[in-house]
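Nothing here was measured: the structure is a model prediction, and the numbers come from that model.
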Amino acid sequence: MYMHLTEFTDNALRLLVYLGNHRERIATINEIAERYGISRHHLAKVSCVLAASGLIETSRGRLGGMRLAGAPRDIRLGEVVRCTERGLAGGARSGPRSAQDGERPPCRQPGDRLQQSLAVATAAYLAELNRVTLADLIPGSGEAHGEIPGWLATNAWRWQHSTLEEGA
């Protein structure tokens, strides 16, 4: 069973992996969009959230682009997910939900065990993701922070993500 992440978060992670693989230079939205087949418009939105979160640095103009704001070993996946997933506490994309979002507003009654249980599960999920750094996702980076969690090292995960940076 897998936790469902939005396309926005998937695009954010891909953008960060790309920047981590090309740390020697500034990368542009156009090249990343072309590499992954992502809409430039969507990627621009993602880059705005990541820049506002301090994960990337951006520059405008003819020679503009983006790069990582820090070392890949310092960027934890749980923090990226928290910044990009709607509804997670403190997320840059969180905010009031409306009927247009296709979601009902959560019940927030004191003693609501369902909400408490989901909050605990979300915290555990983010804590597990925080065990993984961007460096762990970049083959040959030499910056991995330590032992990779078992779920990340599974053959199924490797197979599913083996094409993430092939040929880049």
For Val46 and Ala12, the nearest pair of non-hydrogen atoms, with its separation, is CG1-CA, 3.4 Å
Within the distance-only criterion (no hydrogens, no angle test), does the side chain of Asn11 pair as donor or acceptor with the backbone N or O of Phe8 below 3.5 angstrom?
-> no
Rounding to 0.5 Å, atoms CG (Leu19) and CD1 (Ile75) come to a distance of 8.5 Å
Give a yes or no on whether the backbone of Arg82 and the side-chain of Glu85 come within a donor-acceptor separation of less than 3.5 Å.
-> no
The reported gap from OG in Ser59 to CD in Glu57 (rounded to nearest 0.5 angstrom) is 9.0 Å
With distance as the sole test, does Asn21 use its side chain to make a donor-acceptor pair with the main-chain N or O of Val17 at under 3.5 Å?
-> yes
Backbone of Leu55 reached by a side-chain donor or acceptor of Ser53 within 3.5 Å | no
Residue pair Leu16 / Val80: nearest heavy atoms and the distance that separates them | CD1-CG2, 3.6 Å
Val132 and Arg76, any side-chain heavy atoms less than 4.5 Å apart = no
Measure the shortest side-chain to side-chain distance between Leu43 and Leu15 over non-hydrogen atoms and say whether it is less than 4.5 angstrom.
-> yes
Value for CZ (Arg23) from CZ (Arg67), rounded to nearest 0.5 Å, stands at 11.0 Å
Expected output: side-chain Thr9 to main-chain Leu5 donor-acceptor under 3.5 Å | no
Heavy-atom side-chain contact between Thr133 and Pro72 under 4.5 Å = no
Work out which heavy atom in Ile26 is nearest to a heavy atom in Met66; give both atom names and the distance.
-> CG2-N, 3.4 Å
Report, as yes or no, whether the 6.0 Å neighbourhood of atom CD on Glu34 holds more than 12 heavy atoms from other residues, nucleotides or ligands.
-> no
Identify the two heavy atoms, one from Arg35 and one from Tyr18, that lie closest to each other, and give their separation to 0.1 Å.
-> CG-CE1, 3.9 Å
Pairwise side-chain contact, Leu50 with Cys83, heavy-atom cut-off 4.5 Å (strictly under) = no
How about Arg60: does its CZ atom have over 12 heavy atoms from other parts shown lying under 6.0 Å from it?
-> no
Side-chain donor/acceptor of Asn130 to backbone N/O of Glu79, under 3.5 Å | yes
How far apart are the closest heavy atoms of Gly20 and Ile138, and which atoms are they?
-> CA-CD1, 3.5 Å
How long is the span from the CG atom in Leu137 to the CG atom in Leu13, to the nearest 0.5 Å?
-> 7.5 Å
In sequence, state the C-alpha distance, the side-chain angles, and the governing distance for Glu31 and Arg40, and then conclude on salt bridge (Lys or Arg N to Asp or Glu O under 4.0 Å).
-> CA-CA 9 Å; Glu31 72 185 78; Arg40 289 183 308 132; over 6 Å; no
Heavy atoms, side chains only, cut-off 4.5 Å: are Val81 and Leu126 in contact?
-> yes
Could you tell me the separation between the CG atom of Leu118 and the CZ atom of Arg113, rounded to the nearest 0.5 Å?
-> 13.5 Å
Non-hydrogen atoms of Ile32 and Ala27 that approach each other most closely = CD1-CB, 4.1 Å
